[in-house]
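One structure is given here, and the rest of the page talks about it.
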Amino acid sequence: VLCAVVVIVLAFVAYTFSNGGGKKAKKEVKVEKKQRVVGGPYDASEVAKHNNVNDCWIIVDGKVYDITDYIFDHPGGESILANAGGDSTVGVHGPQHPPSMWDVLKLYYIGDLKA
């Protein structure tokens, strides 16, 4: 229940910031939600295949996340796609992300990266 509340609050905040506080219309794109299954470990070549807006995986600190369903809720817009299919560790640890970002990211965890 707590996770659901956190997701709803973060989605509202993300929408507000990405919508310029209501100043401009947000681009509506329908993406079918998919069920994430924790598996792996995945090697980098497998992650690299998931490199677009319809199928997007990222690596952060040696963990793999399927963020496809989060792309259009991301407060930073499409900047989340900068390292689609690759390592986003540096960007995720950037000063633009609040500590609460980790609670959102863990919802998209699908497995570890092969060492």
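Side-chain contact between W57 and K49 is absent, with no heavy atoms from C-beta onward closer than 4.5 Å. Contact check for D112 versus V64: no side-chain heavy atoms found under the 4.5 Å cut-off. Considering only heavy atoms from C-beta on, V92 comes within 4.5 Å of W102 through its side chain. Side-chain contact between K114 and Y42 is absent, with no heavy-atom pair separated by less than 4.5 Å.
Each of I80, N54, N52 was evaluated against I71; a single residue qualifies, I80, per the side chain to side chain contact (heavy atoms under 4.5 Å, CB included) test.
With hydrogens and angles disregarded, no donor-acceptor distance shorter than 3.5 Å links the side chain of S88 to the backbone of I58. Looking only at distances, no side-chain donor or acceptor of N83 sits under 3.5 Å from a matching main-chain atom of G86. In this structure, the side chain of Q96 does not engage the main chain of G76 through any donor-acceptor pair within 3.5 Å. Checked by atom type and distance alone, the side chain of N51 pairs as donor or acceptor with a backbone atom of A48 at under 3.5 Å. Between the side chain of H50 and the backbone N or O of C56 there is no donor-acceptor pair closer than 3.5 Å.
Classification of the H74-H97 ring pair by plane angle, with boundaries at 30° and 60°, yields tilted.
Residue V38 is grouped with residue V104 when hydrophobic side chains (ILVMFWY) are merged at heavy-atom distances under 4.5 angstrom, including chains of intermediate members.
Rounding to the nearest 0.5 angstrom, the gap separating the OG1 atom in T89 from the CG atom in D61 is 4.5 Å.
When all heavy atoms are compared, the tightest approach of D43 to L113 is C-CD1, 3.9 Å. The shortest non-hydrogen separation linking Y65 to K106 is CE2-CA, 4.3 Å.
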Test side chain to side chain contact (heavy atoms under 4.5 Å, CB included) applied to V53 and F72, step by step: CA-CA 9 Å; V53 71; F72 294 104; 3.4 Å; yes
